[in-house]
Amino acid sequence: MNGSAYEDVVAKLTPTQREAVLHIDGPLLVLAGPGSGKTRVITCRIAHMLNEGVRPQQILAITFTNKAAGEMKQRVEAMLPGRGVWISTFHSLGVRLLRQYADRLGLDKNFTIYDQNDRVRMVKLSLEAAQIDATRFTPETIQSAISKAKNFLMSPPAYASKASDYFSQVVAQVYEVYEKRMREVNALDFDDLLLWPAYALKNNAEIRAELDARFRYVLIDEYQDTNKAQYGIARGLSVDYPNLCVVGDPDQSVYRWRGSDIKNILDFERDFPNARVIRLEENFRSTKTILRIADHLIANNTERKEKTLYTSKGEGAKAGVMLFETGQDEAEQVVQQIADAVGRGGRHFCDFAILLRINALSRGLETAFIRKRVPFQIVRGLAFFDRKENRDILAYLRLLLNPRDDLSFLRAVNEPTRGIGKTSLEHLQAYAEPREMSLLSAAEQVDKIPAIKGKATAGLRNFAKLMADLRGIVDATPDEVMRQVIDVSGYRLMLKNSTDPDDQERLANVEELITAAHQFHAEDNSRTISDFLENITLASDVDGWDEKQDCVAVMTLHSAKGLEFPVVYMMACEQGILPHERSMGENAQLEEERRLAFVGITRAQEELNLSHARMREFRGQTNYTIPSMFLDELPHDCIESMDFSGSSAKAVEGWRKSTSGASQGWYDTGFSRTSTKRKDDFSEPLKESTTTYSVGALVHHDVYGVGRVTDISGQGVLRKVKIRFNVGGERTFLAAKAKLSVVKS
DNA sequence: ATCCAGTACGTTTTT
DNA sequence: CGTACTGGAT
């Protein structure tokens, strides 16, 4: 093993890191501050264990996201190739265990995983089915209460026995129906993926002993964010072989609202009395200034274990605290600053991250990025699969794999339209329910249901036939299954023949699904369509982030956990946003918001910028804001305040003043030029459309002839133009695709 | 059964 | 401001 990658890495470890790496047997708690090299420690430790003769199958490593799991696999692979250690998220682990032990747990192993969206629909259906009058509460509220109950390992009866107020009593009722229906349709929600394994480990001694022996060495990253169910899994796997290593940082616990219990990490030493505790406090990521800011801020939290963060890196630049007039100015100018910094050389777009407390803020940024032509990626993984057309196709696939999935049945059955309306479906449900049949089975015998007539009967019969035909091809490659579903369902034809211009876009999206499935299969040809669906459902937001692209990354503070960037912008540091208004009641919640700010700050390696606006548009109304209380909690000597609000002239002056004494000028004077609003920033034609037209222009279309532009909407590639033709009425086109020439502007 | 228009409604964060 | 659902007309 001389000169191996493994030995090279081990040689570079600090003494404390090495101590953690060399610990093999017995419980171990690694308290790892931000940027302390914990990923390196975990991967090295795995490599070390392998080197010491531990068999790869006996090691289980759990990460927070699939992306983190993938990276960790790669790093272990790079050090010691060809060992297949099991590295996954808690949820993926849950799925795999549940499919494997399905029989012994009384589950059907073809279960569908219901996401957030599906769960809310399920709550709605449960409310209707049980005729519970809950107009006072939204399905979302009820769903989240059910989720919370599950996070605390409370079964419906357990919850019901503790329900004292009216709301909980309603929830208790719904919870019971919800669970019953979930079993009927053979679906599990995200919480079930943790809860069932936790129960299995607790109640089934045989399974527990089996798994404990199989996973003799368990590592858990981001342990501060584990909930009761996850704790149950960790505990259950570490009884006979208590070789549990957990890594985390209580100051970065930001998922309390999801049931995470910071006590899991704080009480680890009590849980495992002979646990070894190692603290990694040296930071290898950020400048002294950034670290001091983070440390100063988090010191305001009362419920914490104190720790000392230090770094041997340089002082670095002061952090900017920038005030803008409006949220729009903020977006425009932050993007401009990034463009200027890259234009000056020395920085790439991918060196920058913009971190947000709430997703809603990304919309304004998106238009700013497009306008300034700065490449960006909004890291919100599921957006693509959340599109209606894609969800429709996925519903077909889900129903194919799990014929009992009534929710997917209801989604797919009349898309494209088959003449099956609300009343027909009610009849179908009325038939299926007392017979304990799935809707699909009921549809198969639609001829026995006299209440359903004419067009609907034929529609249901065809649909059942279609699903039966498709069943023959489920074992084909994922992309082939996908293609068949899109064709056989008639979905492709529907979109192709549509006159709605949006439908061509939808067709492209649906076809993209085939490509996605193909790629998925190409990466590993043992993967099935079922794996594909599972993968989509369990994907996290950051999983969709392609860091190899030279783009500015835009993401939430939550998604940014575990990442690092040379330059970080944290926007909208305002009361009500950060800290969020719904967290300001209780101190524990406020402290979590502060930890969130801490996470954001500690993502920065070299430069940190915090910004806020004097006015922000909210729900269509513009309001004055109050600067975030966290800004007041930063050490003044590490901060440089800049006022870019008011008139543009004032902004430039404010800028000059603030830079005059600064030793690290991050921008040249180019910025002051652009901070005065140039009109052409807003009126230049977009790159995506080759022709420019304005409302009122007379244009010629190859097919429809001459017409007048009546409306222009949308941005970028999705820009649409509406034209009233002399012959053929009004039509809308995608500007980029329509073959138009201007007759008279 | 389907489509459109009008209105009610709501926004934290996510596996 | 945007979406999501309801109730009307066809």
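Because the structure is a prediction, the values reported are computed rather than measured. Order of the sequence lines sets the chain letters (A, B, ...), proteins ahead of strands, with each chain counted from 1. All values below come from the heavy atoms of this structure, side chains included, with hydrogens, waters and symmetry mates left out.
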Within less than 4.0 Å of OP1 or OP2 of [N], is there a side-chain N or O belonging to [X]?
X	N	answer
A:S540	B:dT15	yes
A:S559	B:dT14	yes
A:N66	B:dT15	no
A:N151	B:dT15	no
A:S583	B:dT13	no

Problem - Candidate list A:D118, A:D392, A:D406, test side-chain hydrogen bond (donor to acceptor under 3.5 Å, both in side chains), partner A:R411, passing option - result: A:D392
Practice task
Give a yes/no verdict on base stacking between B:dT13 and A:W257: centres under 5.5 Å, planes within less than 30° of parallel.
Solution key: yes
Practice task
Might you point out which heavy atoms bring A:I452 and A:S424 nearest each other, and give the distance in Å?
Solution key: CD1-O, 3.7 Å
Problem - Side-chain ion pair, A:E128 and A:K124, N-O less than 4.0 Å - result: no
Exercise for the section: Decide yes or no on side chain to side chain donor-acceptor pair (under 3.5 Å) for A:D543 and A:S540, but give the supporting numbers first. Expected result: CA-CA 5 Å; A:D543 292 347; A:S540 67; 2.9 Å; yes
Give one of base, sugar-phosphate or nothing for [X], where a contact means two heavy atoms less than 4.0 Å apart.
X	result
A:T417	sugar-phosphate
A:K124	sugar-phosphate
A:D191	nothing
A:F90	nothing

Exercise for the section: Determine the Euclidean distance between corresponding C1' atoms of B:dT13 and C:dA4; express it in Å to zero decimal places. Expected result: 22 Å
